[in-house]
Amino acid sequence: MNTQILTTDNNDIQIAADILRKGGLVAFPTETVYGLGGDALSPESSRKIYAAKGRPSDNPLIVHIADTSSVYDIAKEVPDIAVSLMEAFWPGPLTIILPKKDIVPDETTGGLNTVAIRMPSHPAALALIRESGVLIAAPSANTSGRPSPTTAEHVSEDMTGRIDAIIDGGPVGIGIESTIISLVEDKPTILRPGFITRKMLEAVIGEVAIDKTLIEPDPNIRPKAPGMKYTHYAPSGDLTIVEAEDSEANEKQVSSVAEAINQLYENGVTQGKKVIILAPEEHSSLYPEDSVITVGSIGEGVTVAARLYAALRECDRIEAELIYSESLDTGELGGAIMNRLLKAAGHKVIYVK
């Protein structure tokens with residue numbers, strides 16, 4: 001299959017929209033990561049998405065819309081709290097799970113009787129949805145398990161020859177996937193943390209729970225939303241997180257973590273391994289200069305979120321065999337960032353005093 005590279009200008013958006021209407025697949029930028037889009041109401045298009053990604057078919061897709069009226073077309077029930085969330089956070093990086101109507105095929109929802117819906121804020125994404133006239137089912141545009149793409153180049157690495165087109169909208173802004181909140185549980189429940197934090201949600205709708213699998217991962221539980229698999233977003237090399245036992249960061253703990261990582265680095269190099277270290281900019285000088293990749297700034301969680309997946313993909317580009325990362329639990333986005341990093345590491349963590 002020949003994969004076209006398109007721009008965000010109107011003519012190219014029309015070309016991409018026509019591909020979607022004809023049942024093809026198009027990767028496109030959103031404010032979070034690049035999505036891999038197909039017609040959400042077409043079982044065949046959803047099957048194509050799973051095939052292109054090599055994604056398990058029990059892992060539900062998110063339906064992207066450009067108008068809140070579309071929610072009522074595909075959701076069986078739309079409670080008042082859903083309306084409040086839409087008014088507060090759409091368009092934006094929040095996915096809402098509601099009971100689905102029969103019009104939404106099981107192929108799109110992973111066989112669940114619920115549908116995940118969001119309205120992206122990226123202008124190219126909105127233009128594509130509107131121009132195509134279809135609702136777009138779109139997981140991240142990477143092969144299953146790999147770090148999500150934050151540039152069109154990342155998409156091309158994974159999807160060239162697998163899909164019809166890629167819309168190049170430059171680097172994305174946020175860099176991690178949308179927050180997912182389920183409104184079909186006993187109380188509103190976060191299934192995946194993201195840029196929209198629990199605190200922000202509770203300011204609008206009151207108490208919000210956290211799904212227990214975010215605290216105690218279980219690979220045997222069927223995913224209720226994208227990104228809930230035990231291992232996800234992973235580089236090819238073996239990734240391990242090294243962090244202090246005491247969560248209160250101080251200079252001594254930073255030094256202890258760096259000492260432990262440097263020892264692991266030396267052990268790996270002695271074994272003839274290609275070893276890479278992930279660290280925030282402020283700590284990069286603590287490690288061998290030619291073997292450290294910086295991941296944003298401690299004081300700015302948004303920079304860490306924006307850099308994380310690109311850093312993991314850089315590890316693949318340079319064929320890192322062993323990867324050691326400091327904990328990146330910093331600021332209001334710390335929980336969302338660590339959710340991704342822990343899944344990328346398969347929850348392998350070394351604690352130091």
Side-chain angles (χ1 to χ4, degrees), residues 29-35 93 95 122 139-155 157-158 169-180 190 192-197 214 217 226-243 249 257 261 275-284 287 291-318 320 322-350:
T30 77
E31 73 278 20
T32 56
V33 298
Y34 272 73
T95 295
H122 196 291
S140 54
N142 54 289
T143 48
S144 187
R146 288 207 73 206
S148 298
T150 55
T151 68
E153 288 77 13
H154 295 163
V155 180
E157 289 171 9
D158 288 11
V172 301
I174 293 175
I176 57 173
E177 298 82 358
S178 61
T179 303
I180 299 179
I190 292 174
R192 182 176 72 188
F195 188 82
I196 305 299
T197 65
L214 295 180
M228 294 188 75
K229 289 287 190 181
Y230 188 74
T231 302
H232 215 59
Y233 322 113
S236 298
D238 184 31
L239 171 63
T240 302
I241 301 165
V242 182
E243 66 175 79
V257 168
I261 290 177
V275 187
I276 289 296
I277 298 164
L278 302 182
E281 294 169 1
E282 292 87 344
H283 299 166
S284 62
Y287 304 106
S291 298
V292 63
I293 295 176
T294 58
V295 189
S297 169
I298 293 171
E300 299 179 66
V302 290
T303 65
V304 178
R307 277 283 302 146
L308 178 60
Y309 290 143
L312 294 175
R313 282 182 173 265
E314 178 66 9
C315 289
D316 283 351
R317 189 189 68 79
I318 59 181
L322 297 175
I323 306 162
Y324 297 103
S325 176
E326 290 190 15
S327 171
L328 301 174
D329 190 356
T330 176
E332 290 190 1
L333 291 182
I337 292 165
M338 287 304 297
N339 169 265
R340 297 344 188 253
L341 188 60
L342 283 163
K343 286 181 180 294
H347 288 261
K348 295 192 295 292
V349 183
I350 294 173

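Please read these numbers as outputs of a predicted model, since none were measured by experiment.
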Original post:
Are Leu328 and Leu278 close enough that some pair of their side-chain heavy atoms sits under 4.5 Å apart?
Top reply: no

Original post:
Do Val349 and Leu342 come within less than 4.5 Å of each other through their side chains, counting heavy atoms only?
Top reply: yes

Original post:
Residues two or more places apart in sequence or in another chain: which of them pass side-chain contact (heavy atoms from CB on, under 4.5 Å) with Thr143?
Top reply: Arg146, Asp158, Met159, Arg162

Subject >> Summary of salt bridge (Lys or Arg N to Asp or Glu O under 4.0 Å) pairs that have at least one residue in residues 331-342, sequence neighbours excluded >> reply: Glu177-Arg340

Original post:
Considering residues at least two apart in sequence or located in another chain, which fulfil the side chain to side chain donor-acceptor pair (under 3.5 Å) criterion with Thr30?
Top reply: Thr32, Arg118

Subject >> side chain to side chain donor-acceptor pair (under 3.5 Å) partners for His122, two or more places apart >> reply: none

Original post:
So which heavy atom on Ile176 is nearest to which on Ala305, and how close?
Top reply: CG2-O, 4.0 Å

Original post:
How would you list, by chain and number, every residue that makes a side chain to side chain donor-acceptor pair (under 3.5 Å) with Glu281, sequence neighbours excluded?
Top reply: none

Subject >> Donor-acceptor contact below 3.5 Å, side chain Asp316 vs main chain Ser236 >> reply: yes

Original post:
How would you list, by chain and number, every residue that makes a side-chain contact (heavy atoms from CB on, under 4.5 Å) with Glu314, sequence neighbours excluded?
Top reply: Ile293, Arg317, Ile318

Subject >> salt bridge (Lys or Arg N to Asp or Glu O under 4.0 Å) against Arg307, all qualifying residues, sequence neighbours excluded >> reply: none

Original post:
Can you list the residues that meet the side-chain contact (heavy atoms from CB on, under 4.5 Å) rule with Val172, with sequence neighbours excluded?
Top reply: Tyr34, Thr150

Original post:
Residues in salt bridge (Lys or Arg N to Asp or Glu O under 4.0 Å) with Glu243, at least two apart?
Top reply: none

**OP:** State, without any angle test, whether Ser178 and Thr95 hold a side-chain donor-acceptor pair at a distance under 3.5 Å.
**Re:** yes

Subject >> Test side-chain contact (heavy atoms from CB on, under 4.5 Å) applied to Thr151 - qualifying residues, sequence neighbours left out >> reply: Glu153, His154, Pro171

**OP:** For Tyr309, check ring pair (Phe, Tyr, Trp, His ring centres under 6.0 Å) against everything at least two apart and list the hits.
**Re:** Tyr233

Subject >> Partner residues of Asp238 under the side chain to side chain donor-acceptor pair (under 3.5 Å) criterion, sequence neighbours left out >> reply: Lys348

